[in-house]
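The analysis underlying the following values was restricted to heavy atoms, covering all of them including side chains, and did not include hydrogens, waters or symmetry mates. Just so it is clear, the model here is predicted, and its values are computed rather than measured. Residue numbers start from 1 in every chain, and the chains themselves are labelled A, B, ... in the order their sequence lines are given, proteins ahead of strands.
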Amino acid sequence: MTSADTITDSERWPATVAEAEAVQDRLRGQVDLSGPGPARVVTVAGVDVAYDTDSDMVAGAVVVLDVHTLSAVAEATAIGRAQFPYVPGLLAFRELPPLLDAWKQLPTTITPDLVVCDGYGVAHPRRFGLACHLGILTGLPTIGVAKTAFIGDYDPPGPQRGSWSPLVDGGEAIGRALRTRTGVKEVFVSVGHRIDLDSACRHVLALTPRYRLPETTRVADHASRRALRGVLG
DNA sequence: GCGACAG
DNA sequence: ATCTTGTCGC
């Protein structure tokens, strides 16, 4: 019996900002940034959550793609009601419940080699963004790919696909602004768990042969919206 | 004290 | 996140 076995539901899913921040401070020590990262990546998962602000309904989606064909090999969704407000820095407490519910619906035979999250990993005020949190809870390698800036300073990367510049906060490089498509706005990549930044960016480029955002994120986004439409009207 | 602030 | 028409470009 370890302390992890005695974590209660309210300790895992706090109701206040102060408690949620305490949970992040307690869990961040478990993040593995030492690498080497997944030895072989065959399947990559994408996760996303869609919201209906009126009904307060949320839909979480997990999709698993073959990294070479970028076609879906598995998909799962879950419907629920938002249990935590959106607070910058505490996104995980809003999105993880529906995501984990969807995760449980995946065939037990499917375990992705890597998970791409919509948001940040260690590029976070307490170095424990959504990607880190999901990584700790699943034990899998995770990375965060965000569409907009949140924390850190950076210079615009060059115009060519593959160009990047460091995201810097407090003197340390916490991620990268990465150009995934030539002439298109950059994305922000940061490590979540069990992978290094170089590998993370390499995978993001492999997932963006045509669009700015990783195919995993796009497919998960579509799946979550479809699931939400299904329960609404 | 005043802005900024992943989704 | 989400609300939305047309419009520019491949």
Backbone of [Y] reached by a side-chain donor or acceptor of [X] within 3.5 Å:
X        : Y        : result
A:Arg181 : A:Pro209 : yes
A:Arg194 : A:Gly139 : yes
A:Asp113 : A:Thr43  : yes

Q: Identify the residue among A:Thr217, A:Ile143, A:Leu213 that makes a side chain to side chain contact (heavy atoms under 4.5 Å, CB included) with A:Val204.
A: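 Of A:Thr217, A:Ile143, A:Leu213, side chain to side chain contact (heavy atoms under 4.5 Å, CB included) with A:Val204 is met by A:Ile143 alone.
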
Q | Passing option when A:Phe93 is tested against A:His133, A:Glu21, A:Gln83 for side chain to side chain contact (heavy atoms under 4.5 Å, CB included) | A |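 Filter result, single survivor: A:His133.
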
Q) Is it the case that one hydrophobic cluster holds both A:Leu134 and A:Val44, taking links as side-chain heavy atoms less than 4.5 Å apart, direct or via other members? A)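 Same cluster: A:Leu134 reaches A:Val44 through Ile, Leu, Val, Met, Phe, Trp or Tyr contacts under 4.5 Å.
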
Q) Would A:Leu167 and A:Leu33 show up in the same hydrophobic cluster when neighbours are defined by side-chain heavy atoms closer than 4.5 Å? A)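 No, separate clusters.
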
Q. Centroid-to-centroid, A:Tyr51 to A:Tyr86, below 6.0 Å?
A.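 Not under 6.0 Å, so no.
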
Q.
Output one letter per nucleotide in nucleotides 1-7 of chain B: B when a protein non-hydrogen atom lies under 4.0 Å from the base, S when only the sugar-phosphate is that close, - when neither is.
A. ----BBB

Using nucleotides 8-10 of chain C, report all nitrogen or oxygen pairs with the protein that are shorter than 3.5 Å.
none

(Q) What's A:Arg210 touching, base or sugar-phosphate or nothing? Going by heavy atoms closer than 4.0 Å. (A)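 No contact.
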
Quick one: [X] [atom1] to [N] [atom2], roughly how many Å, whole number?
X        : N     : atom1 : atom2 : answer
A:Leu228 : C:dT2 : CG    : C1'   : 11 Å
A:Leu99  : C:dA1 : CG    : C1'   : 13 Å
A:Arg229 : C:dC3 : CZ    : C1'   : 16 Å

